[in-house]
Amino acid sequence: MPATLIGVSASPGIVVGPAHLLRWEVPEVRARVIEPAEVDTEILRLRGAVEAAVERLRAVKARAEENAGVAEAAIFDVQIAILQDAELRARVETLVRQNLSAEKAFDLVMLEWREHFGRSANPMMRERVGDLVDVHIRLLSLLLDLPDHDPVGLAPGSNAILVTHDLTPSLTIQLDRRAIAGIATDAGTRTSHVAILARSLGLPAVVGLIDATSKLQTGDPVILDGTNGTLIPRPTTAVLAQFADRARREAAAHAELATLVDAEAIMTDGARVTLRANVDLPDEAVRAAESGAEGVGLMRTEFLVVGRAAMPSEEEQYEAYVRVIKAFVGQPVVIRTYDVGGDKLPIGGFPHEPNPFLGWRAIRMCLDEPELFKVQLRALLRAAVHGDVRIMLPLVVSVEEVRQARYLLQEAAAELSRRGVPHREDVPLGVMVETPAAAMSADSFVNDVAFFSIGTNDLVQYTLAVDRGNASLVTRYTPLHPAVLRLIARTVEVARSAKLEISVCGEMASQPLMAYALLGLGIRTLSVSASGIPALKRLVRGVSTSASAAAAAVALAAATPREAEQALRNGLVGELGEELLDGLLGLA
Ligand code: PEP
Ligand code: MG
């Protein structure tokens, strides 16, 4: 039996199924010169492959329409148009007439085009690079007769474990959720896009496996243990039985936690905690409400943009927001404005930047593209008529950004008034505290914002200078680092003295020791993915204000993340007992 592959737990749950390898990367093409007499046949072979690729893309598009929607699937029309482009065809055929093989000719032209589009000053052209890459891979795979790795080919009920290097947006929208039981990727970490998406979809996932794609074949039976972050290829019957037993125990633990759905999140001394859901796709809102969430603490809106050929219209956004708001009648729904950039890229990508996480992203992009931003702001102000909507700005470093955003919000409201469209003007505007700059200067924001929400995923990344998506740095990504805890404590202090609402919506809130630290630091509103709410509620109901504060004080004064962790563990064992703590750690 091959050794267990160890990765990072991205989304809990144990599943057993056949591996489905998805190698979405440009294959290597060896130079091959053809004889003059072969040219005509080679051109026919090229045209045949283009036709086959177009046909395949039509099927992919139909499937994406079912899975993700008509607008999202329109991206595949762009790819079909590229394949049918007369200039592209003429250029490739010219090279074939100069005795290059069809695959080499196509490869060279695609490299040229990708380079040319990528350097263009026109953002529309740059956005097409991702489509070119997809077309490049698809046609070469056909010309080289490589196995067809499209996830689209999987029949519903296949129970497949998708094994891939990374899950790009264009692959994500092709996924048929009825065919896939779990996701395993070489790249990624707990806070990367693929992990967040898997948790949203409730699909067990292990990321950061480094080289799973080179160790497995399609069809290999595997056990994916999303809870512990492992992947076991070709398990023996004895191992299968062990895992079946564990899966049963996990299911029983979940069933027990589900009984808490209507219980209050109240600490043992009576302190009330508010648990909200992070919602990444409007589809999840109802499930989130059923999990016992008291509102939405973070609705990410990138999923309206990522994997799309064009920005969504005001109407389409309005409808998406209203769907979420209607699932949470009478409860707050915090909607974050576009946080595109970094690891959340639209299909064509962004302008190439050497350092995208420090680049033109999130609020920076929105303020520089006010017309595009105002479409979102108008949709939000209109949606706010239906509930308790709050708008949250990501990646803020200075209060000036808030002021500029507020100015655009006022313009958006004025535009709606001129159009006579119903909307609300008094929507609270808050910020994510996810940069050390925002945390250190939190006091300078208090007169301009209605709330703070600490985004620990990025706060940890920017404080420790550790890329949150880099699987090889996982052990260095330590949310319990004293620098992080001190920034959080400082922000809580500022919020408390200014009487501003403060919450945490990053991943820290979903991990028991870290949630305990946050409670101990005085946070009383936590937002996590819906699947994490029951376990978090169980934890909250077993701990007290005084003991959590005492443990957090020790953690705060600790010199290392390990010492902080130990202090929190000791505190939690004292409050919950070892068995319950281990159970909750196992489910996180
Ligand atoms: C965060 O940074 O903590 C956060 C919640 O936002 P995201 O993971 O979308 O960057
Ligand atoms: Mg963030």
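Atoms within a ligand are numbered from 1 in the order they appear, just like the ligands themselves. If you're wondering where the values come from, they're calculated on a predicted model, not measured in any experiment. Reckoned from all heavy atoms, side chains included, excluding hydrogens, waters and symmetry mates.
Residue Glu302 places no N or O, backbone or side chain, under 3.5 Å from any N or O of ligand 1.
For the residue pair Trp24 / Asp166, no side-chain donor-acceptor distance below 3.5 Å is found, with atom types taken as modelled. A donor atom on one side chain and an acceptor atom on the other are found under 3.5 Å apart for Ser472 and Asn470. Using modelled atom types, one finds a donor on one side chain and an acceptor on the other under 3.5 Å when comparing Thr301 with Gln376. Tyr318 and Glu314 share no donor-acceptor pair across their side chains, judged by distance under 3.5 Å alone. If you check the side chains of Ser527 and Ser503, you find no donor sitting under 3.5 Å from an acceptor. Between the side chains of Glu507 and Ser510, a donor-acceptor pair is found at a separation under 3.5 Å.
For the Mg ion (ligand 2), the nearest N, O or S atom contributed by Asp458 is named OD2. In Glu434, the N, O or S atom that comes nearest to the Mg ion (ligand 2) is OE1.
Here is the list of ligand 1 atoms found below 4.0 Å of a heavy atom in Gly506: 3 (O), 5 (C). Of all atoms in ligand 1, listed by their number and element, those nearer than 4.0 Å to a heavy atom of Leu298 are 5 (C). When each atom of ligand 1 is checked for a heavy atom of Glu434 under 4.0 Å away, the hits are 1 (C), 2 (O). Atoms of ligand 1 found under 4.0 Å from any heavy atom of Cys505 (numbered from 1 in listed order, with element): 5 (C). For ligand 1, the atoms sitting less than 4.0 Å from at least one non-hydrogen atom of Asp339 are 10 (O), numbered in the order shown with element in parentheses.
Heavy-atom separations between Glu507 and ligand 1 are all 4.0 Å or longer. Ligand 1 has no atom lying under 4.0 Å from any heavy atom of Gln461.
Although no hydrogens or angles enter the test, the distance criterion places a donor-acceptor pair under 3.5 Å between the side chain of Tyr462 and the main chain of Phe357. Without hydrogens or angle criteria, Asn457 side chain to Gly506 main chain gives no donor-acceptor distance under 3.5 Å.
Distance check for Asp339 against the Mg ion (ligand 2): none of its N/O/S atoms falls below 2.8 Å.
Contact detail for Ala412 and Lys374: the closest heavy-atom pair is N-CD, 4.1 Å.
Contacts with ligand 1 closer than 4.0 Å are made by side-chain heavy atoms of Arg336 only, the backbone lying farther away.
The closest heavy-atom contact to atom 10 (O) of ligand 1, among the options Arg468, Arg300, Met432, comes from Arg468.
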